[in-house]
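Below you'll find the structure, written out as structure tokens, and then a few comments.
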Amino acid sequence: MSHACGCHRTDGQKLHHIKEAIERFKHMRGALIPVLHEVQDTYGYLPEDVLHLVSEELDVPMTDIYGVASFYSFFSLEPKGEHIIRVCMGTACYIKGAQSLLDRLSTELQVKTGETTADGKFTLEATRCLGACGLAPVLTVGEDVHGRLMQGDIPKLIKTYAGPAKEGDRA
């Protein structure tokens, strides 16, 4: 199975990939953002130890790196879940009950908005308009769009993405 991110590479392979990306971009003006994209794509977030490497290799202060990483919503300084659930909070979705969907997801997953479940399976996020107003209320799970949802749809949706429990996941 192929994965969009390089999350399943070994740590050595990941670090090697980041060093190659730094070499590829370091002589370019504005190299920081493409390098941070490579880090995010490779690790699924921006690990602090890797950011120190980026800082040294690009000769960019850590304060500048954190400024960029915290400004752009694409970047995350915390690990994300295997499945990122984004609930649209745009006007059409909000009016049609998006807040109740977000609340139900929060209850079912036992996390607050912006948090990741203890098993690392899901990250719950509220987002601005997803551009699918005709499907309001709408949410995405990764690249999958789910629209015209009601609170009662949430348990089945979670079960669909939770997949079978792996051996050793149960306490």
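This chain uses plain numbering: 1 for the first residue, then up along the sequence.
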| query | Using the ring of each side chain (for Trp, its six-membered ring), is F122 parallel, tilted or perpendicular to H83, with breaks at 30° and 60°? | reply |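 Tilted, since the angle between the ring planes falls between 30° and 60°.
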Side chains of [X] and [Y]: does their closest heavy-atom pair fall under 4.5 Å?
X    : Y    : answer
P47  : V39  : yes
Y43  : H17  : no
L58  : L32  : yes
L139 : L130 : no
D144 : Y161 : yes
Y45  : E78  : no
L135 : V145 : yes
E125 : I85  : no

| Under a 4.0 Å N-O cut-off, is there an ion pair linking K19 with E23? |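 No, K19 and E23 are not salt-bridged.
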| said: Please determine whether side-chain hydrogen bond (donor to acceptor under 3.5 Å, both in side chains) holds for the pair E20 and H16, giving the CA-CA distance in whole Å, both sets of side-chain angles, and the decisive distance to 0.1 Å. | reply: CA-CA 6 Å; E20 285 179 337; H16 180 72; 2.9 Å; yes
Taking every non-hydrogen atom, the tightest pair across [X] and [Y]:
X    : Y    : answer
A136 : K96  : O-CD, 3.7 Å
H37  : F74  : ND1-CE2, 3.2 Å
R104 : Q151 : NH1-O, 3.4 Å

| said: Between L101 and D153, does the side chain to side chain contact (heavy atoms under 4.5 Å, CB included) criterion hold? Intermediate values first, please. | reply: CA-CA 9 Å; L101 293 179; D153 298 326; over 6 Å; no
| request: Begin from the C-alpha positions of T140 and V87 and carry the test side chain to side chain contact (heavy atoms under 4.5 Å, CB included) through to its verdict. | output: CA-CA 7 Å; T140 60; V87 179; over 6 Å; no
Starting at [atom1] of [X], measure out to [atom2] of [Y] and round the result to the nearest 0.5 Å.
X    : Y    : atom1 : atom2 : result
K80  : L124 : NZ    : CG    : 10.5 Å
L51  : I65  : CG    : CD1   : 6.0 Å
F75  : S70  : CZ    : OG    : 11.0 Å
E57  : I18  : CD    : CD1   : 12.0 Å
I33  : F25  : CD1   : CZ    : 11.5 Å
I154 : H146 : CD1   : NE2   : 9.5 Å

| said: Using only atom types and a distance under 3.5 Å, with no angle test, would you say the side chain of T123 pairs donor to acceptor with the backbone of G81? | reply: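 At least one qualifying donor-acceptor pair exists.
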| Sidechain-backbone polar pair: E115 side chain, K112 backbone, donor-acceptor under 3.5 Å |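 Yes; at least one donor-acceptor contact below 3.5 Å.
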